[in-house]
Number of protein chains: 2
Amino acid sequence: MEERIDKIRQQLHAHSYKLTPQREATLRVLLENEEDHLSAEDVYLLVKEKAPEIGLATVYRTLELMSDLHILQKINFGDGVARYEFRNENAEHHHHHLICVMCGIVDEIHEDLLGEVEQAVSDKFKFHILDHRLSFHGICHRCIDKVDKNELANVRSNIPG
Amino acid sequence: MEERIDKIRQQLHAHSYKLTPQREATLRVLLENEEDHLSAEDVYLLVKEKAPEIGLATVYRTLELMSDLHILQKINFGDGVARYEFRNENAEHHHHHLICVMCGIVDEIHEDLLGEVEQAVSDKFKFHILDHRLSFHGICHRCIDKVDKNELANVRSNIPG
DNA sequence: GTAGATGCAAAACATTTGCATCAGT
DNA sequence: ACTGATGCAAATGTTTTGCATCTAC
């Protein structure tokens with residue numbers, strides 16, 4: 001935790017930005033909830049518990065800055081709010097998501113599934129791929145036993161655009 | 001074109017909705033621009049040329065209704081606006097997109113690229129897949145010759161969340 | 001006539017921006 | 001003091017909603 005904060009501090013200083021208390025508090029919230037794909041509003045509410053004077057705009061500006069510096073990745077699951085997660089600087093592309101239409105939980109897949117697919121797309125369409133986005137919408141292992149056939153039609157409508 | 005309108009009329013009637021002139025005009029705009037992934041605002045401006053009295057809310061309500069009936073698919077490329085395209089009721093899943101970071105054009109891939117990948121994900125994570133979203137961000141064949149190395153760093157920032 | 005559909009304006013929502021103030025060097 | 005960062009409020013942009021009116025059967 002502390003090493004990661006220190007490393008980000010250095011990255012900020014390298015671009016002559018400061019790691020202010022607000023920025024640090026925001027980053028700590030994200031680090032403590034790394035599994036959760038928080039929205040700006042989520043982060044704001046959690047940061048407010050520790051630093052009640054912080055403003056929503058500062059949270060947005062911090063998230064924006066961290067995204068510009070490639071420390072965070074802004075992601076969009078189609079539900080109308082942006083979410084943020086740490087970038088893995090080793091991975092060439094960002095990872096994939098399993099989104100459960102029953103409980104809404106988002107799991108991550110870190111395997112690179114698309115090597116061959118990218119090659120095929122690149123060849124066939126003469127498209128130079130820089131990155132990709134892949135998500136699966138369905139029912140997670142925690143919910144699969146709770147589902148009956150009648151429900152299936154309804155949960156399908158939880159798949160966003 | 002007319003057959004497709006007729007078919008949609010029947011689908012609407014089956015749910016006791018009407019194909020009003022406004023809805024028909026909206027659908028015709030979408031049919032005439034099927035390649036273009038129009039936003040609600042885009043549709044509104046185009047419909048207004050034919051039916052100037054139409055309101056933006058009606059366009060939104062029509063797009064929403066068509067999405068509920070699975071006639072349209074609402075999609076989100078992460079640029080802050082929803083876009084709409086016709087669903088292919090034969091295809092099990094929706095198709096994939098190639099998004100050019102230079103010119104912004106969105107091409108479609110209709111091949112099913114993910115059969116094996118889905119099987120692997122399904123087995124490994126015990127996740128029951130209902131649908132997936134896959135998009136590639138990169139440089140299309142029309143732009144590839146225009147790019148030089150200096151630009152590459154800049155266009156990367158056009159990849160959204 | 002009744003139920004659904006429309007247009008307009010207002011509201012809602014996420015996000016961004018202007019600006020005066022504040023903090024660290 | 002200077003530069004960047006903050007908090008607040010106002011502005012923005014997209015989408016939704018309330019409501020009175022209209023339309024089609």
Enumerate the protein-to-nucleotides 8-11 of chain C contacts in which both atoms are nitrogen or oxygen and the separation is below 3.5 Å.
none

Atom-pair distance ([atom1] on [X]; [atom2] on [N]), nearest Å:
X: Leu45(B); N: dT14(D); atom1: CG; atom2: C1'; answer: 14 Å
X: Leu65(B); N: dA3(C); atom1: CG; atom2: P; answer: 19 Å
X: Asp68(B); N: dG4(C); atom1: CG; atom2: P; answer: 15 Å
X: Arg9(B); N: dA24(D); atom1: CZ; atom2: P; answer: 13 Å
X: Leu12(B); N: dA24(D); atom1: CG; atom2: P; answer: 16 Å

### Query
Does a side-chain heavy-atom distance below 4.5 Å link Asp68(B) with Tyr17(B)?
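Counting from C-beta outward, Asp68(B) and Tyr17(B) never come under 4.5 Å.
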Taking NZ, NE, NH1 and NH2 as the nitrogens, is one of them in [X] or [Y] under 4.0 Å from a carboxylate oxygen of the other?
X: Arg9(A); Y: Glu2(A); value: no
X: Glu24(B); Y: Arg28(B); value: yes
X: Asp131(A); Y: Arg133(A); value: yes
X: Lys124(B); Y: Glu111(A); value: yes

Is the gap between the ring centers of [X] and [Y] under 6.0 Å?
X: His96(A); Y: His132(A); value: yes
X: His97(A); Y: His95(A); value: yes
X: His141(A); Y: His128(B); value: no

### Task
For atom NZ of Lys50(A), decide whether the heavy atoms of other residues, nucleotides or ligands shown that lie under 6.0 angstrom number more than 12.
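Yes - once you tally the heavy atoms of other residues, nucleotides and ligands closer than 6.0 Å, there are more than 12.
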### Message
Going by salt bridge (Lys or Arg N to Asp or Glu O under 4.0 Å), name the residues that satisfy it together with Lys48(B), two or more places apart in sequence or in a different chain.
### Response
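Partners of Lys48(B) under the salt bridge (Lys or Arg N to Asp or Glu O under 4.0 Å) test: none.
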### Message
Going by salt bridge (Lys or Arg N to Asp or Glu O under 4.0 Å), name the residues that satisfy it together with Arg61(B), two or more places apart in sequence or in a different chain.
### Response
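Arg61(B) satisfies salt bridge (Lys or Arg N to Asp or Glu O under 4.0 Å) with no other residue.
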### Task
Using five base pairs at each end, measure the axis-to-axis angle across the helix from dG1(C)-dC25(D) to dT25(C)-dA1(D) and round it to 10 degrees.
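So the angle between the two local helix axes works out to 10°.
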Collect all protein-nucleotide pairs involving nucleotides 13-15 of chain C in which both atoms are nitrogen or oxygen and the distance is under 3.5 Å.
{"from": "dT15(C)", "atom 1": "OP1", "to": "Ala82(A)", "atom 2": "N", "distance (Å)": "2.9"}
{"from": "dT15(C)", "atom 1": "OP2", "to": "Tyr60(A)", "atom 2": "OH", "distance (Å)": "2.5"}
{"from": "dT15(C)", "atom 1": "O5'", "to": "Tyr60(A)", "atom 2": "OH", "distance (Å)": "3.2"}

### Task
State, without any angle test, whether His110(A) and Glu108(A) hold a side-chain donor-acceptor pair at a distance under 3.5 Å.
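Distance-only check passes for His110(A) and Glu108(A).
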#### Entry: dT6(C) OP1/OP2 closer than 4.0 Å to side-chain N/O of Thr58(B)
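It does not, given that no N or O in the side chain of Thr58(B) lies less than 4.0 Å from OP1 or OP2 of dT6(C).
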### Within residues 16-27 of chain A, residues whose heavy atoms come under 4.0 Å of DNA chain D
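Those residues are Tyr17(A), Lys18(A), Thr20(A), Gln22(A), Arg23(A).
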### Cluster check Leu31(B), Leu45(B): I/L/V/M/F/W/Y, side chain < 4.5 angstrom
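Linked within one cluster.
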